[in-house]
2 protein chains.
Amino acid sequence: MNRRTSARLADVARIAGVSLSTASRALADPRLVHPDTRTRVDDAVRMLGYVAHGAARALASRRSRTIGAVVPTLDNPIFAHSTQALQRALGEAGYTLLLASHDYDAGTELAVTRALVERGVDGLVLVGTDHSPELYQFLARSGVPFELTWALDPDGHHHCIGFSNRLASLRITQHLLSLGHREFAVVSGHTAHNDRARERVAGVRDALAAHRLRLPAHRYMETAFSIASGRSALGALLDRDDAITAVVCGNDLLAFGALLECAARGVGVPAQVSVAGFDDIELAAEVAPPLTTLHIPTTDIGRRAAERLLARLAGKRVPRAEEVPVELVLRASVGPVRKSARRKKG
Amino acid sequence: MNRRTSARLADVARIAGVSLSTASRALADPRLVHPDTRTRVDDAVRMLGYVAHGAARALASRRSRTIGAVVPTLDNPIFAHSTQALQRALGEAGYTLLLASHDYDAGTELAVTRALVERGVDGLVLVGTDHSPELYQFLARSGVPFELTWALDPDGHHHCIGFSNRLASLRITQHLLSLGHREFAVVSGHTAHNDRARERVAGVRDALAAHRLRLPAHRYMETAFSIASGRSALGALLDRDDAITAVVCGNDLLAFGALLECAARGVGVPAQVSVAGFDDIELAAEVAPPLTTLHIPTTDIGRRAAERLLARLAGKRVPRAEEVPVELVLRASVGPVRKSARRKKG
DNA sequence: TTGTACGCGTTATCAT
DNA sequence: ATGATAACGCGTACAA
């Protein structure tokens, strides 16, 4: 560990023949120094291979040029995608992303968020509105500005960028209802510590209630957000009840798994629906339609979250809540109700 | 921005009635102080909602408890997955992940790596061995320890954790050859600034050469790593040449796209192969077999990268190169050569 | 436009 | 076991 301590700004200043503060200014805002001195400083920097010491810089300037993001998991492509967009937007603005995930555990979320704040992030990006009171309290005390994403804050207290998961889900269910479907099932992700999942299920129930329909308990399944889970969940549902004609899935991974199960059984569930969409996986529709998806602009969510946060850090005002447009994508093959699914085995 | 400056360690010390250094010790290593003083310090911490100032800590201790990761993109599930594993392992060890991506651009990679080093990361995790001389030089000068992942360094100079993409690809191709296939096509990811992609193609050529076979230019396609690209690439290949009986794809996204194209055309390409596997997407095999995959332990790569790096930071010695096992997964439906693919349209 | 000098909040060294 | 004090490397009034 006897790594020779690298060049400091003082060294740069000495080589360039200027004072420390001049060197500092030359790097912070080149317009503040004489062109000649600037080039001399730049030369010295190159010569020494000088790399600024972020910690010292952060300590003195009280900003780290760092933004923290806390996501449930990167294994869900939608979060990987929006995080990718977030990182890109931040990078272009000279900011660096500190990333943490919590696997849908509130305790972990608080711990990792604390770790990020401790690292001195200038701002935070969280997913959803469903966070423990302790977390909200911690955020308030720490004073770090934050953005909630993938949902809209119902109380309007917090800054957020997203969409109404409930309305989106309502919309897609209404569409199926308009096609004549009455026998619904739902494959949801786990709803604990997950407002998006809960809202999506609620949206289905809302739409059904408007038609005096209910979602029976045996047609509701909650599982992990993965293709494999989606597949086995639909399998279990169809084993229990083969009158089902429409399935609303909590996201595209679940929907894709459901499609696979249909394909394996050789049944054509008349309307296979995904509430959350991810461009690439939507192609799955071509394997085993019918599928209706709600296209969610994951990229926009990440990018706008970054832009909003940076704007706030720059002292600009931004609307507290911002809604991203969500688009219903209808497959050509989605049609009116046909004969119910039939089991192969059993 | 006149956010009241939060509690400092000095405040904690004052409230606890101890000196600054005692407070510091109580937090750094509780065993160093008297149990009574420790509880008094802890109480004061809770009372004030004290959160350590990472920058000051890093400045004084010369370590940031932060590790940087530079990946091509999180949009590729394999990197999302290994990054997720990396973040988890780091988090459990009290480290935080700084993440950056470069979209397969060498210039961007250098820039973001520099940004991470500037933020004071204690170590770095990179993907692959294919980095610009400038980057390697920068890493050497900065002295930051780093791990290369997803490949093995051919020269054995750098610390790495991964597998031989070339041998893996060779193996899968040999398997197809053993089934009697002779008419190969390859759908590869872009090979610029991507040693993994290049090695995978090379592995196919190696295997073919051993049978005195070549890969004609018109049966080779290079495209972006995505499902959509995989699909259209195979479409183009089949349009050109319908004698193809086996397709080796650069990764699972491409392979899945290829499967979709086969399904859409109603052809059964006798052996549809993916060189890189990702558990969930392997389920696609059930939609449109035949598919052979190489299962890669993405989680292990991320976790081991973290463990190796942290071990090195702790002064322990680790083998310079570590290979993760890669497993050939054969689908039941993969059989010997059948009649070639036939085009639907054209 | 440039330089001086102080402070940022913590750890580490050295006493006690 | 605890306390005083000197770094740590940089930003930024303030002065020149």
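In the text below, chain A, chain B and the rest are named by the order of the sequence lines, each starting its count at 1.
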Report the residue (B:His34 or B:Leu20) whose heavy-atom-nearest nucleotide on DNA chain D is the more 5′ of the two.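 Per heavy-atom nearest nucleotide, the more 5' residue is B:His34.
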Start at the 5' end of DNA chain D and walk down; is the nucleotide closest to B:Leu32 or to A:Val51 reached first?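 Taking each residue's closest nucleotide, the earlier one in sequence belongs to B:Leu32.
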Presence of [X] side-chain N/O under 4.0 Å of [N] phosphate oxygens OP1/OP2:
X	N	answer
B:Ser19	D:dT2	no
A:Tyr50	D:dG9	no
B:Ser61	C:dT10	no

Between atom [atom1] in [X] and atom [atom2] in [N], what is the gap in whole Å?
X	N	atom1	atom2	value
B:Arg14	C:dG9	CZ	P	13 Å
B:His53	D:dC8	NE2	P	19 Å
B:Asp29	D:dT2	CG	C1'	15 Å
B:Arg8	C:dG7	CZ	P	12 Å
B:Leu59	C:dC8	CG	C1'	9 Å
B:Arg119	D:dG9	CZ	P	18 Å
A:Asp11	D:dC8	CG	C1'	14 Å

Distance-only polar pair, side chains of [X] and [Y], donor-acceptor under 3.5 Å:
X	Y	value
B:His81	B:Thr298	yes
B:Ser101	A:Gln84	yes
B:Thr22	B:Ser19	yes
A:His193	A:Glu109	yes

Polar side-chain contact B:Arg62-D:dG9 base: donor and acceptor under 3.5 Å: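 Not at all, since no donor on one side and acceptor on the other fall under 3.5 Å apart.
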Do A:Arg63 side-chain and D:dG11 base share a donor-acceptor contact under 3.5 Å?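 Between D:dG11 and A:Arg63, which were checked side chain against base, a qualifying N/O pair under 3.5 Å is absent.
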May I ask you to decide if the ring planes of B:Tyr104 and B:Phe225 are parallel, tilted or perpendicular, using 30° and 60° as cut-offs?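 Rings of B:Tyr104 and B:Phe225: tilted, 30 to 60°.
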From the list D:dG9, C:dG9, D:dT2, which nucleotide is the closest neighbour of the side chain of B:Arg25?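 Shortest atom-to-atom distance from the side chain points to D:dT2.
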Which of the following nucleotides, D:dC10, C:dT11, C:dG3, is nearest to the side chain of A:Leu9?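 Nearest nucleotide to the side chain: D:dC10.
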Identify whether any heavy atom of A:Ser21 sits under 4.0 Å from a base atom; if not, whether one sits that close to sugar-phosphate; answer base, sugar-phosphate or nothing.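 The answer is base, as A:Ser21 lies within the cut-off (heavy atoms under 4.0 Å) of a base atom.
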Describe the nucleic acid contact of A:Ser24 in one word from base, sugar-phosphate, nothing, applying a heavy-atom distance below 4.0 Å.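 The answer is base, as A:Ser24 lies within the cut-off (heavy atoms under 4.0 Å) of a base atom.
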